[in-house]
> 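Shown below is the structure under consideration.
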Amino acid sequence: LVPCALKAQAEKPQIMAVVNGLFDGMRTSDSAKIRTLFDPRARTITATMRDGKPQVSIQESIEGFLKSIGTPRPEKLDEQIWNERVIVDGPLASVWVDYSLFVGTKFIHCGVDHFLIVKNVAGAWQILELADTRRTEGCTRTTPQ
């Protein structure tokens with residue numbers, strides 16, 4: 001590997017720590033912890049198919065997402081991921097993961113999460129954009145692991 005590629009490889013654990021931190025925070029409903037993982041300009045995007053047509057929802061702020069995570073519920077949110085793909089170039093990283101979402105042990109949906117992660121001026125990796133697909137058919141995992 002060339003020096004740039006070696007540096008990128010070395011960054012992957014810190015980048016995945018941000019991704020895994022999000023899902024750990026979801027499990028504990030810790031919206032304060034999750035907020036620190038996001039760049040202040042972050043947004044979320046959801047892409048689904050409805051009646052055979054693509055539907056894209058863009059939230060220009062993560063405030064609604066954080067409120068949802070911090071809302072107490074009788075059963076925990078448990079988004080389980082696998083098949084991580086990480087690409088890094090300097091202060092920019094792209095992460096794709098397959099996921100299944102559960103509330104308690106109840107399967108909700110599956111899909112792919114895509115994270116656009118940037119390194120801030122302090123040297124910390126933060127999520128700038130979180131996009132996901134959602135479906136209930138063709139899912140690999142429908143029971144918690």
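Quick note: numbers below take in every heavy atom, side chains included, and nothing from hydrogens, waters or symmetry partners.
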> What heavy-atom pair brings R73 and S68 nearest, and what distance separates the two atoms?
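Closest heavy-atom pair between R73 and S68: NH2-O, 3.1 Å.
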> Quick one: closest heavy-atom pair of T36 and Q126, and the distance?
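Heavy-atom minimum between the residues: O-NE2, 3.2 Å.
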> Quick check: do Q80 and P144 have side-chain heavy atoms less than 4.5 Å from each other?
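Side chain of Q80 against side chain of P144, heavy atoms only: contact under 4.5 Å found.
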> Over all heavy atoms of both residues, which pair between I15 and A93 is shortest? Give the atoms and the distance, please.
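Taking every non-hydrogen atom into account, CD1-CB, 3.6 Å.
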> How long is the gap from OG1 on T28 to CG on L77, to the nearest 0.5 Å?
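Interatomic distance, T28 OG1 to L77 CG, rounded to 0.5 Å: 10.0 Å.
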> Would you say E129 and T44 make side-chain contact, with heavy atoms under 4.5 Å?
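No, side chains not in contact.
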> Hey, mind stepping through S94 and H114 against side-chain contact (heavy atoms from CB on, under 4.5 Å) and telling me if it holds?
CA-CA 7 Å; S94 180; H114 173 259; 2.8 Å; yes
> Which atom names give the shortest non-hydrogen contact between V18 and L37, and what distance separates them?
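Closest approach of V18 to L37, heavy atoms only: O-CD1, 3.7 Å.
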> With side chains defined as the heavy atoms from C-beta onward, is the minimum distance between N83 and V97 less than 4.5 Å?
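Side-chain contact under 4.5 Å: no.
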> Minimum heavy-atom separation for F107 to T136, with atom names?
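The answer is CE2-O, 4.2 Å.
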> Would W125 and V19 count as a side-chain contact (heavy atoms from CB on, under 4.5 Å) if you check the C-alpha gap in whole Å, the side-chain angles of each, and the deciding distance to 0.1 Å?
CA-CA 10 Å; W125 289 100; V19 171; over 6 Å; no
> When rounded to the nearest 0.5 angstrom, what distance separates NZ in K33 from CG in L22?
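Here the interatomic distance stands at 9.5 Å.
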> Which heavy atom of R27 sits nearest to which heavy atom of K76, and what is that distance?
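Closest pair (atom of R27, atom of K76, distance): O-CB, 3.5 Å.
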> Run through the side-chain heavy atoms of Ile, Leu, Val, Met, Phe, Trp and Tyr, join any pair under 4.5 Å, and report what else lands in V118's cluster.
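Members other than V118 - counting any ILVMFWY side chain reachable under 4.5 Å - are L92, L116, L128.
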> Just to verify, what does Y99 make a ring-ring contact (aromatic ring centres under 6.0 Å, His included) with, not counting sequence neighbours?
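Counting only residues at least two positions away or on another chain, Y99 forms a ring-ring contact (aromatic ring centres under 6.0 Å, His included) with H109.
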> Quick check for you: to the nearest 0.5 Å, what is the distance between S100 atom OG and D78 atom CG?
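With rounding to 0.5 Å, OG (S100) is 10.0 Å from CG (D78).
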> In the hydrophobic cluster built from side-chain contacts under 4.5 Å, what are the other members alongside W96?
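Via sub-4.5 Å side-chain contacts, W96 links to V112.
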> Run W82 and Q145 through side-chain hydrogen bond (donor to acceptor under 3.5 Å, both in side chains) and show every step you take.
CA-CA 11 Å; W82 65 95; Q145 300 288 310; over 6 Å; no
> Is the shortest distance from a Lys or Arg side-chain nitrogen in R85 or D98 to a carboxylate oxygen in the other one below 4.0 Å?
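Between D98 and R85 there is a salt bridge, with a charged N closer than 4.0 Å to a carboxylate O.
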> My understanding is that only residues two or more places apart in sequence, or in another chain, count here; which of them pass side-chain hydrogen bond (donor to acceptor under 3.5 Å, both in side chains) with Q14?
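If we apply the side-chain hydrogen bond (donor to acceptor under 3.5 Å, both in side chains) test to Q14, skipping adjacent residues, there are no hits.
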> Got a sec, which residues hit side-chain contact (heavy atoms from CB on, under 4.5 Å) with P91, two or more places apart in sequence or on another chain?
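P91: side-chain contact (heavy atoms from CB on, under 4.5 Å) contacts with K119.
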> Taking atom CG of D24 and atom CD of E79, what is their separation to the nearest 0.5 Å?
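That separation rounds to 11.5 Å.
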> Should M49 and L101 be regarded as members of a common hydrophobic cluster, given that ILVMFWY residues are connected when their side-chain heavy atoms come within less than 4.5 Å of each other, either directly or indirectly?
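In one cluster: no.
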> Measure the CZ-CD1 distance between R43 and I58 for me, rounded to the nearest 0.5 Å.
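R43 atom CZ to I58 atom CD1 measures 5.0 Å (nearest 0.5 Å).
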> Answer whether the closest heavy-atom distance between the side chains of F38 and I117 falls below 4.5 Å.
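With C-beta onward as the side chain, the pair stays apart.
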> When you group the ILVMFWY residues by side-chain heavy-atom contacts below 4.5 Å and let the links chain together, are F23 and F102 in the same group?
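F102 does not cluster with F23.
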> Between V56 and I45, is any pair of side-chain heavy atoms under 4.5 Å apart?
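They are in contact (side-chain heavy atoms under 4.5 Å apart), so the answer is yes.
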> How many angstroms lie between atom CG of L130 and atom CZ of F115, to the nearest 0.5 angstrom?
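Spacing of CG (L130) from CZ (F115) equals 5.0 Å.
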> Kindly write out the residues that satisfy side-chain hydrogen bond (donor to acceptor under 3.5 Å, both in side chains) with R41, not counting sequence neighbours, or none if the list is empty.
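Partners of R41 under the side-chain hydrogen bond (donor to acceptor under 3.5 Å, both in side chains) test: D39.
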> Any donor and acceptor pair, going by atom type alone, linking the side chain of N120 with main-chain N or O of A122 inside 3.5 Å?
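Confirmed, N120 side chain pairs with A122 backbone.
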